[in-house]
There are 2 protein chains.
Amino acid sequence: MQKAKNMAIAPEILPDPVLCTVDVVLLTLHLGELHFAVVARDADPFRGVQALPGGFVHPQEDADARECALRVLREKAGVSGPYLEQLSVFSGRARDPRGWSVSIAWVTLVPESSLEEAVGKGLGLRKVHDLGGLPFDHADIVRAASDRVRSKSSYSSLPVHLCQPPFTLPELQSVYESLLGEPVNKVSFRRKMAELDFLEPVEGEMQRSGAHRPAQLWRLKTRFRQALSMTDRGINSGT
Amino acid sequence: MQKAKNMAIAPEILPDPVLCTVDVVLLTLHLGELHFAVVARDADPFRGVQALPGGFVHPQEDADARECALRVLREKAGVSGPYLEQLSVFSGRARDPRGWSVSIAWVTLVPESSLEEAVGKGLGLRKVHDLGGLPFDHADIVRAASDRVRSKSSYSSLPVHLCQPPFTLPELQSVYESLLGEPVNKVSFRRKMAELDFLEPVEGEMQRSGAHRPAQLWRLKTRFRQALSMTDRGINSGT
DNA sequence: CCATGTTCTTTGCTTTTTGCATCTATGTCA
DNA sequence: TGACATAGATGCAAAAAGCAAAGAACATGG
């Protein structure tokens, strides 16, 4: 039993309780636009309202907050083993009517195809600029996640997690362009991918796209599934 | 009274308690090396051991976690109004013998001169690579803070907070070089500062350095006291 | 079975940015 | 007043990024 090992806290210094929760901004690209996942809340406050997938930390189940976020993702979105990074903590007495609370917010990026099943079961997708009606400070959280992802997109491998492997370089480029909001020079893009060195070719080429030269297929090198590859010079606009 | 307004939580879904604390990595430059501040813990566990300044969140006093971090800085290090940014959350059941805990970790950068009084009153300074004997996971926290600051140094105004204004460009350059761990080309550095555009000249020049041309004095523009100025291309090595 | 269209990929420049050496400016001090 | 030291500017060389256009590889239709 865990409690038996715990050290007692003198009652006079025992702090007032703080609600400790986790919220996940699950991002994906749908029709070339960044979307985040919402689920209907199953309890008050805001029962039935669409909100970020989240919940209380369960000290018995969760070894740490990352495990908690992964559990939430698994239970509410059917997602396992995604790229997951800590965003920020949102805290204070004003954000939750139940009292002083802490939300440990996480961002995760997945290809749209990995959400198909969950979307059939009630998971919702909303554009990251469509923030109306969100409870608590979830609008702030989504904004922060979107800003973080967009700013990291210009100098890292982050956007690759929105692509279902194997994928082609033109496909990946269009993902980068969606996040950056502007076209990218093709040659510069390929030079940058070579420099970042997080892709490896997959044998066999794709041809389904029709009457033209087939493209090489690529996938993420395994050592970059959690760690990002970064460069000190970003990608700029193009043609 | 705050409690009166709070919404009740049904007992069956009330989560187990989580200890909610704040820890601050207070960084400064001493003799050209990055140091962090430690204070002797005033309670068990680890009473008397040198640790990061920190403490429990006080829901009555602190409006949010940032306010809590500022309070800790004020009470334990005599620092007010510094540049302060959230680092990360360190959490889990293993990091604190009292139970499942969350530490919201913050980084702050101050000029050495602003710590003189607190150092006289028992605040300690240790090199960021000297992590022996720290309690909890404070070594991990300091490492994360040091990594964050070093990596942001190459493309942002962050290091300026280690300089007591007014300062000269050569002084600021040597601060950047200390953080980057390598010399920086003088012309590139000045071009980058001009591009980042976070400095404004102070009338009057310094001459105390002796038998040579005096240098222009500068200070941080007020709008960059909390927000950083960033560029998409970093500073590289130089002569 | 070859010409045509389409997109992927590479190549050869032009333009921009960065790095380096040097030159000038402006003070102190003997 | 001239030697010295560091601040700051300037001009050129090297490197990187951007752009246009050529070449490659396929499907399709005459």
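Letters A, B, ... mirror the listed sequences (proteins, then strands); counts begin at 1.
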**Study point:** Residues B/D147, B/R150; criterion salt bridge (charged side-chain N to carboxylate O under 4.0 Å, His left out); working and verdict
**Key:** CA-CA 5 Å; B/D147 289 350; B/R150 287 180 198 281; 5.7 Å; no
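Taking a 6.0 Å sphere around NZ of A/K127, one finds it holds 12 or fewer heavy atoms contributed by other residues, nucleotides or ligands.
At a threshold of 4.0 angstrom between heavy atoms, the contacts of A/R191 include nucleobase atoms, whether or not backbone atoms are also involved.
Nearest to the side chain of B/L169, among D/dA25, D/dG8, C/dT9, sits D/dG8. Residue A/A211 places its side chain closer to D/dA27 than to any other of D/dA7, D/dA27, D/dT10. Of the candidates C/dT9, D/dG8, D/dC19, the closest approach to any side-chain atom of A/K186 belongs to C/dT9. In the set D/dG8, C/dT17, D/dT6, the nucleotide with an atom closest to the side chain of B/H212 is D/dT6. The listed nucleotides are C/dT18, D/dA17, D/dA7; the one nearest the side chain of B/R213 is D/dA7.
Taking a cutoff of 4.0 Å between a charged side-chain nitrogen and a carboxylate oxygen, B/E195 and B/R190 do not qualify as a salt bridge.
Regarding A/N185, its CG atom lies at a distance of 14 Å from the P atom of C/dT16, rounded to whole Å. In this entry the distance linking CH2 of B/W218 with C1' of D/dA7 reads 12 Å, nearest Å. Here the P atom of nucleotide D/dA7 and the CD atom of B/Q173 are 9 Å apart, to the nearest Å. The OH-P distance, from B/Y155 to C/dT18, rounds to 17 Å in whole Å. Remark: P of C/dT17 and CD of B/E195 are 9 Å apart, rounded to the nearest angstrom. Distance A/L172 CG to C/dT9 C1': 15 Å, rounded to the nearest Å. When the P atom of D/dA7 is taken as reference, atom CZ of B/F167 falls 15 Å away, rounded to whole Å.
Regarding contacts with the backbone of D/dG8, a side-chain N or O of B/R190 is found under 4.0 angstrom from either OP1 or OP2. A/S188 has no side-chain polar atom (N or O) that falls below the 4.0 Å cut-off from OP1 or OP2 of D/dA17.
Each of B/V187 and B/R233 was matched to the nucleotide of DNA chain D holding its nearest heavy atom; the match closer to the 5' end belongs to B/V187. Both A/F189 and B/Q216 lie near DNA chain D, and the one whose nearest nucleotide falls closer to the 5' end is B/Q216.
In this pair, B/Y83 and B/H161 present their aromatic rings parallel. The plane angle is below 30°, not in the 30 to 60° band.
With contacts defined as side-chain heavy-atom distances shorter than 4.5 Å, the pair A/T21/A/F136 does not qualify.
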